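Single-structure report; data block below.
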There are 2 protein chains.
Amino acid sequence: MAEIAATAGIGKGTIYEYFNSKEDLFFAVFEWLSHKIASAATVRISALGGSAAERLVALNDSVVCSVLKMMDMYSLVMEFWAASSSSVMRKRFKTAFRQAYRDFRAIVTSLIQEGIERGEFTSGVNPESIAAALVGMWDALLLQAWFDDAFEPLKTSKDFLVILLVGLAAEKQKL
Amino acid sequence: MAEIAATAGIGKGTIYEYFNSKEDLFFAVFEWLSHKIASAATVRISALGGSAAERLVALNDSVVCSVLKMMDMYSLVMEFWAASSSSVMRKRFKTAFRQAYRDFRAIVTSLIQEGIERGEFTSGVNPESIAAALVGMWDALLLQAWFDDAFEPLKTSKDFLVILLVGLAAEKQKL
DNA sequence: TAAGCTTGACTGACCGGTCGGTACTATATA
DNA sequence: TATATAGTACCGACCGGTCAGTCAAGCTTA
């Protein structure tokens with residue numbers, strides 16, 4: 001807290017004018033980063049033209065690139081994950097994370113759903129499962145990149161998405 | 001440390017007969033869990049018969065199920081991630097994680113590589129990218145399950161794998 | 001000058017690590 | 001066999017450092 005106050009150029013006591021506790025401040029940072037990532041990553045999909053496949057590729061690029069740009073903050077994400085497992089802060093963080101993941105999955109789900117309705121994607125697919133896996137993949141590729149400088153999350157995700165899109169479009173080939 | 005000693009039914013000082021510091025103990029737990037997960041998840045793939053696709057499905061089931069069985073320890077994983085971002089312990093944990101991910105990716109990569117050589121999978125694919133995404137997906141689906149009791153990682157991963165396998169096998173359809 | 005804002009020295013709970021000491025076993029010696 | 005010595009495992013009271021949170025004193029502003 002002393003270090004934060006010093007960095008902010010205020011006295012330690014002043015922090016407590018704005019936050020009731022260190023945990024409150026920590027949670028506020030979590031929400032701030034959460035919104036920052038969400039708004040940076042989620043390009044206005046509906047505004048974007050093109051096929052569902054094209055938009056999925058665009059979303060992939062946007063998510064991976066924007067998180068890569070703030071890779072220096074990635075350690076924070078891990079701190080937040082840990083917070084969601086700490087007995088004291090668990091509830092708050094767990095709830096927030098659950099909601100954040102649900103929201104993000106919902107966006108991707110609707111994009112895939114639309115692809116099915118348009119006839120681009122096979123109807124045999126469960127949009128929610130694909131969305132969850134994609135969201136997870138973004139998370140995890142960035143995590144692997146954090147551990148390994150040699151790892152290329154953008155290339156990897158693009159390669160992967162190409163294959164996935166072939167699978168999604170399978171029905172078309174039967175026509 | 002006092003609590004750990006109490007739980008172990010030994011005195012606090014005794015811990016230091018076996019570990020030099022709290023961090024050393026923590027790292028030992030990390031290595032223990034690391035091996036536990038690796039050996040539990042990695043079914044003897046080579047011993048397993050069947051096509052590459054079948055073995056990929058088997059691996060998927062094995063990984064997801066075995067981690068689900070030790071879900072109560074999942075919070076530990078998050079603590080370890082956080083440790084890899086903490087300034088003091090960073091190096092050790094980061095290195096270990098990097099290696100663990102590389103090892104696991106290598107297993108999956110070779111499985112996919114084999115599928116390509118056998119002609120099951122399209123040669124247009126980059127095995128490493130697919131492997132990284134799969135490994136990431138397992139990680140991230142379990143993470144989402146940790147946050148959300150309603151989330152079904154096994155079902156999700158199976159659904160997803162089906163679509164992915166269609167994409168991977170695409171070349172075959174051209175024959 | 002009064003009200004409100006800001007501050008950083010201070011407090012007390014907490015915790016990792018230490019150390020003097022006990023107890024028990026194994027080996028060597030007489 | 002009895003005794004001495006050495007090695008090993010164990011213990012928990014204690015120490016010193018750390019840090020979130022407090023509050024009386026100083027400062028600013030109207």
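Only this structure's heavy atoms are used, side chains among them; waters, hydrogens and symmetry mates stay out. Remember, predicted model here, so these are calculated numbers, not experimental data.
One interatomic measurement links the two molecules: CE of A:Met1 to C1' of C:dA9, which rounds to 17 Å at whole-angstrom precision. Distance CD1 (A:Ile15) to P (C:dT7): 10 Å, rounded to an integer number of Å. A straight line from OH of A:Tyr16 to P of D:dT22 spans 7 Å, rounded to a whole angstrom.
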Going by atom type alone, with no hydrogens or angles, which donor-acceptor pairs under 3.5 Å involve a side-chain atom of residues 68-76 of chain A and a protein atom two or more places apart or on another chain?
| residue | atom | partner | partner atom | Å |
| --- | --- | --- | --- | --- |
| A:Tyr74 | OH | A:Asp139 | O | 3.2 |
| A:Tyr74 | OH | A:Leu143 | N | 3.4 |

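Partners of A:Tyr101 under the ring pair (Phe, Tyr, Trp, His ring centres under 6.0 Å) rule, at least two apart in sequence or in another chain, are B:Phe147. The salt bridge (charged side-chain N to carboxylate O under 4.0 Å, His left out) search around A:Arg92 returns A:Glu23, A:Asp24, not counting sequence neighbours. A search for ring pair (Phe, Tyr, Trp, His ring centres under 6.0 Å) contacts involving B:Phe104 returns B:Trp138, not counting sequence neighbours. Evaluation of the salt bridge (charged side-chain N to carboxylate O under 4.0 Å, His left out) rule for A:Lys22 yields no partner, not counting sequence neighbours. In this structure B:Glu114 satisfies the salt bridge (charged side-chain N to carboxylate O under 4.0 Å, His left out) test together with B:Arg55, B:Arg118, sequence neighbours excluded. Not a single side-chain hydrogen bond (donor to acceptor under 3.5 Å, both in side chains) links B:Arg98 to another residue, sequence neighbours left out. Listed by chain and number, the residues in a salt bridge (charged side-chain N to carboxylate O under 4.0 Å, His left out) with A:Asp159 are A:Lys155 (sequence neighbours excluded).
Taking every heavy atom of both residues into account, B:Thr156 and A:Ser129 meet most closely at CG2-O, 3.4 Å.
No side-chain donor-acceptor contact under 3.5 Å links B:Gln144 to the backbone of B:Pro153.
When the nucleotides C:dT7, D:dC11, D:dG21 are ranked by their closest atom to the side chain of B:Thr14, D:dC11 comes out on top.
You'll find the side chain of A:Phe26 stays beyond 4.5 Å of the side chain of A:Ser21, heavy atoms only.
Ring geometry for B:Phe30 versus B:Phe80: interplanar angle over 60°, hence perpendicular rather than tilted (30 to 60°).
Taking a 4.0 Å limit (strictly below) on heavy-atom distances, residues 2-12 of chain A reaches DNA chain C at A:Ile10, A:Gly11, A:Lys12. Contacts between residues 77-86 of chain A and DNA chain C, counted as heavy-atom distances below 4.0 Å, involve no residue at all. Listed by residue number, the members of residues 17-31 of chain A with any heavy atom below 4.0 angstrom from DNA chain D are A:Ser21, A:Lys22.
Salt bridge present: B:Arg105 and A:Asp148 bring a charged side-chain N and a carboxylate O closer than 4.0 Å.
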Under 3.5 Å between N/O atoms: give me all the protein pairs with nucleotides 25-30 of chain D, atom names plus distance.
none

